[in-house]
Number of protein chains: 2
Amino acid sequence: MDALTVRALAPRLDVGAPALYWHVRNKQELLDEMSTFVMRRVTDALSKVPPGASWRDDVAAYARVLRSEYLLYRDGARIFSGTRIADPDVVKAKEPWLARLTAAGFTLAAADDALDLVTAFVVGFVIEEQERNRSTETGPDRYSLAERDAWLGDGAELVKAAGHLRDDGDPRFERQLTALLDGLA
Amino acid sequence: MDALTVRALAPRLDVGAPALYWHVRNKQELLDEMSTFVMRRVTDALSKVPPGASWRDDVAAYARVLRSEYLLYRDGARIFSGTRIADPDVVKAKEPWLARLTAAGFTLAAADDALDLVTAFVVGFVIEEQERNRSTETGPDRYSLAERDAWLGDGAELVKAAGHLRDDGDPRFERQLTALLDGLA
DNA sequence: ACCTGAACACCGTTCAAGT
DNA sequence: ACCTGAACACCGTTCAAGT
């Protein structure tokens, strides 16, 4: 993100840096446009998900698509989640999901809570996930179990043991998603 | 965050900007120290929570403390969550929580999943919460319901209606936390 | 051990001027 | 309508020099 300077970007478009200011008021507006572009992609992908057999399938599909879209961009969840949305269509993309949940018996308030809860979970999960990926690139630190145990020092036996049991990626996501869906049920 | 420059910080410490480089290698190290300082506060607060009557009470207390600590700092959840942790004690702070959950009948893997799921939820929830707060400060945009409805335009009736039902802050957090705890149960 | 003054490379942004 | 060149204020960082 620090490397994204207006002076580095301009040559990629075969122009000088000041040329960008004809198209955009300032750098912040450029970043905002980036955000809405990504969020539009997210909601486009979400709106193309066909209704499933049950609300559980629908909400699970929602969560998986949201996660996979964030994963497309480096630090996507941290950078693009919870940013001010400039496009009404992005907010309106919630409509079919509220419709499916209310049709399945949720009150409107409960449906709204459910989608928000799932969204919060996915955002938090992927932030952590992408940070871990970024760290392993940077240097093979304490993500090897032995090094991690040594780094932790004495005590905290459960933390160490949990580290050895831990599996990352899809299965972990699916397990936690299942627990969350159980709660919504 | 943009306003936190090394040249603006130094006068607050009654020194010139270069003086900071005697104490810290570069600005990134300063930001990392900030992160670990905040995370240490978070884990200190968590370790002072007395065991409750049930694992539900314990996990709920965990979630509430985590949220309230993030809320202490502007954009705290977005900035400080999922950062590389430099202090083993911060990671070790998980130990008593794993102990309480396993004592309550969770397997170690399930306890680890449970804490991670709750953490992800809190992070996602507070990111959204703090962004909303920041937006209302900036300008009374479309956070009045009438303006929001107008901004949304035609269609999306459920989204509009949900906006009118919506209550922010503690009750919303508690409801979603309850659903999550039900899922863990 | 801790800090300053001066300097360097780089950044976002402006603006007159070009086509 | 779209872009350039030159310039400005500011930033992170270095380093010789001070106490």
Side-chain angles (χ1 to χ4, degrees), chain A residues 1-41 70 72-87 89-90 127 130-131 133-139 141, chain B residues 1-41 72-87 90 127 130-131 133-139 141:
Chain A
M1 201 55 179
D2 294 341
L4 174 53
T5 72
V6 83
R7 288 176 120 101
L9 171 63
R12 299 252 209 149
L13 308 170
D14 287 316
V15 291
L20 298 188
Y21 288 80
W22 198 91
H23 301 274
V24 105
R25 208 187 332 255
N26 51 31
K27 190 182 179 184
Q28 190 53 53
E29 186 172 308
L30 189 96
L31 296 177
D32 290 349
E33 289 297 329
M34 267 178 59
S35 273
T36 46
F37 177 86
V38 170
M39 288 313 295
R40 202 136 35 193
R41 274 210 41 155
Y70 279 143
L72 291 178
Y73 310 94
R74 165 159 22 170
D75 286 328
R78 153 165 289 125
I79 297 174
F80 299 116
S81 74
T83 52
R84 197 206 310 251
I85 296 165
D87 181 355
D89 288 339
V90 170
I127 283 181
Q130 290 184 313
E131 167 63 24
N133 291 347
R134 220 173 56 87
S135 290
T136 42
E137 286 169 14
T138 309
D141 305 323
Chain B
M1 201 53 177
D2 294 341
L4 174 53
T5 73
V6 83
R7 289 177 118 102
L9 172 62
R12 299 252 209 151
L13 308 169
D14 287 316
V15 291
L20 298 189
Y21 288 80
W22 198 91
H23 302 272
V24 105
R25 211 189 330 259
N26 51 32
K27 189 181 179 183
Q28 189 53 53
E29 187 172 307
L30 188 96
L31 296 177
D32 290 349
E33 290 296 329
M34 266 177 59
S35 273
T36 45
F37 177 85
V38 170
M39 287 314 293
R40 203 136 34 195
R41 275 209 41 154
L72 290 178
Y73 309 94
R74 167 163 17 174
D75 286 329
R78 151 164 291 125
I79 296 173
F80 300 116
S81 75
T83 51
R84 198 205 311 249
I85 295 166
D87 181 354
V90 171
I127 283 181
Q130 291 184 314
E131 167 63 23
N133 291 346
R134 221 174 54 86
S135 291
T136 41
E137 286 169 16
T138 309
D141 304 323

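Any value given below was found using the heavy atoms of this structure, including those in side chains, with hydrogens, waters and symmetry copies removed. Every chain is numbered from 1, with letters handed out A, B, ... down the list of sequences.
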For Q130(A) and R74(A), indicate whether the former's side chain and the latter's backbone hold a donor-acceptor pair under 3.5 Å. no
Is any NZ, NE, NH1 or NH2 atom of the basic residue among D89(A) and R40(A) found under 4.0 Å from an Asp or Glu carboxylate oxygen of the other? no
Who does dC15(D) pair with, Watson-Crick or G-U, both distances under 3.5 Å? dG5(C)
Strand contacts (DNA chain C) in residues 21-35 of chain B, 4.0 angstrom heavy-atom criterion: W22(B), H23(B)
Can you name the nearest heavy-atom pair linking M1(A) to L31(A), along with the distance? CE-CD2, 4.0 Å
From CG of L20(A) across to P of dT13(C) the rounded distance in Å is 10 Å
Should dC10(C) form a Watson-Crick or G-U wobble pair with both distances under 3.5 Å, which nucleotide is its partner? none
Can you see which heavy atom on L30(B) is nearest to which on V24(B), and at what distance? N-CG2, 3.9 Å
What are the two closest heavy atoms between R41(B) and Y73(B), and how far apart are they? CD-OH, 3.3 Å
Within residues 1-16 of chain A, those residues having any heavy atom closer than 4.0 Å to DNA chain C are T5(A), V6(A), R7(A)
Give the minimum heavy-atom separation between H23(B) and A19(B), together with the two atoms involved. CD2-O, 3.5 Å
Between M39(A) and F80(A), which heavy-atom pair has the shortest distance, and what is it? SD-O, 3.8 Å
With the side chain defined as heavy atoms from C-beta on, P18(A) is closest, among dA6(C), dC3(D), dA6(D), to dA6(D)
All heavy atoms of S81(A) vs all of R78(A), minimum pair found to be OG-O, 4.2 Å
